[in-house]
Amino acid sequence: MHLTDEERRILDGAFGEPQRIALSVLLKLGEAYGADRMLEITSAHVVGSSYQIAGEAGIEIYGQLVQQGARVKVRTTSDPGSIDFARWREFKTPADYAERQIKIAELLDRMGVIPTWTCTPYTTFNVPKFGEDLGWSESSAVVFANSVIGARTNRLAAYVDVCAALVGRVPRFGLHVPESRRGEVLFELDPDLSASFEDYFFPALGYLVGQVTADRIPVIVGVRQTTFDQLKAFGAAAAASGSVALYHMVGVTPEARTLEEALGGRLPAERISVGRREIARTMEQMSTGQGGAVDVVGVGCPHASIDQMRRYATLLRGKRVHTGVELWICTNTMVEEMARRMGYVEAIEQAGAKLMVGTCHNDCPLGAWGFRRLVTDSGKFAYYTPTTVGTDCIFASTEGCIEAAITGRVERR
Ligand code: F3S
């Protein structure tokens, strides 16, 4: 790999041990993937902020880095942690577990990481521009940054993201290379589907696209109108059921003004037609259990936006969550504060629902609850919670989720 004089000096230790180690790791990664050089990045986003992901090794590694004077070189934000820092007792998190997460938070603070504790950093504090190179992890954030914004990042692993943050660089390969961003698998939506873009549609379509595409780049034609939250839900599902890190939606995302542009002038390797039958079949797969009594309802994956908070408040106003059912809405402190000022939090809490801030069902230890059946409107939760929370999962629309929380029952669609 070609290295600049400054990069050689970093490797010689001229800028300290943390930078030397970080660049050595990135160099090895670049060599393994055939990178030709390093790229300067404008920001990093790190998943090793979560104790569940970083573990004891994280405390040790970050502790050493802090002792050696490590500071991030570019704007760096933190992914959700493994506790709600304000309410972890309410969520039955063991005290020693919470202490470990708080320790990681202190260490990241000392390295200069912005404590956003969110999987949607692109809404506040870490908003990339089109064409910028980034060093991000968190699959749902990576796919949003690449696809909806047109920034460029590979899906970095925990710790590699911290290395990128410490030196402000990543090796140039994969999605940093324009030719590697061409669409490969074409999904053509039936025209009659557009009449039914209900809120379950985008996570279900994302789930289907991820399953078929795996780690290739999908192109979707036939979506005419979407919202920010629908794109967020679509990408998170595709990144969970597959390992999609970039998608093109023709006429919607910035590198897909036309089908030809999305495919980079080539023919697709595969064409898939998507109609009502395919969406229904996917929704069937997204539910692992039968209908019946509900223990917990999870919405806000990825973290809820202010528009979603308004929707939850509207659906819950004057209603009451069923006795014995937990309705948890995941979001971040920035949205929480705004929603509080706008009266949404009051409506949500009066109904007996809880905000789960700076974390989510997937990141927290929930063993103490003994949940058996979870209902969600998120494709990513639907994919992971059967394993991480250990429950059956029923996928439903947002309205269906709130309804399940109020009635205490859910039917499998
Ligand atoms: Fe975010 Fe947790 Fe979902 S990190 S994307 S709310 S699984």
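Along the sequence shown, residues carry numbers from 1. Whatever order the structure lists ligands and atoms in, that order sets their numbers, starting from 1.
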- Task: Check ligand 1 against F381 and write out every atom of the ligand that is under 4.0 Å from a heavy-atom position of the residue.
- Result: 7 (S)
- Tell me which part of Y384 gets within contact of ligand 1: side chain, backbone, both or neither, using heavy atoms under 4.0 Å. neither
- Task: Under 4.0 Å from a heavy atom of N362: give me the atoms of ligand 1 that qualify, with their elements.
- Result: 7 (S)
- Give a yes or no on whether a salt bridge exists between E31 and K28, defined as a side-chain N under 4.0 angstrom from a carboxylate O. no
- Task: Assess the side chains of K319 and Q350: does a donor N or O sit below 3.5 Å from an acceptor N or O?
- Result: no
- Task: Considering the heavy atoms of C301, write down every atom of ligand 1 situated less than 4.0 Å from one of them.
- Result: 3 (Fe), 5 (S), 6 (S), 7 (S)
- Item | Close-contact set for ligand 1 against P80 heavy atoms, below 4.0 Å | 4 (S)
- Item | Crowding at NZ, K103 (>12 non-hydrogen neighbours, <6.0 Å) | no
- Task: Check ligand 1 against S140 and write out every atom of the ligand that is under 4.0 Å from a heavy-atom position of the residue.
- Result: 5 (S)
- Lys/Arg-Asp/Glu bridge criterion (N-O < 4.0 Å) met for R169, D133: no
- Anything under 30° is parallel, anything over 60° is perpendicular, the rest tilted; go ahead and classify W136 against H45. tilted
- Query: For residues T388 and N362, is any side-chain donor paired with an opposing acceptor at under 3.5 Å?
  - Reply: yes
- Item | Test applied, side-chain contact (heavy atoms from CB on, under 4.5 Å); reference residue, I217; option that passes from V185, L246, N146, V244 | L246
- Hey, looking at atom 1 (Fe) of ligand 1, which of G358, A141, C119, S50 has the closest heavy atom? C119
- Note on the structure: Check: of A304, C360, P302, min heavy-atom distance to atom 2 (Fe) of ligand 1 comes from C360
- Message: Is C330 close enough to atom 2 (Fe) of ligand 1 that one of its N, O or S atoms comes in under 2.8 Å?
- Response: no
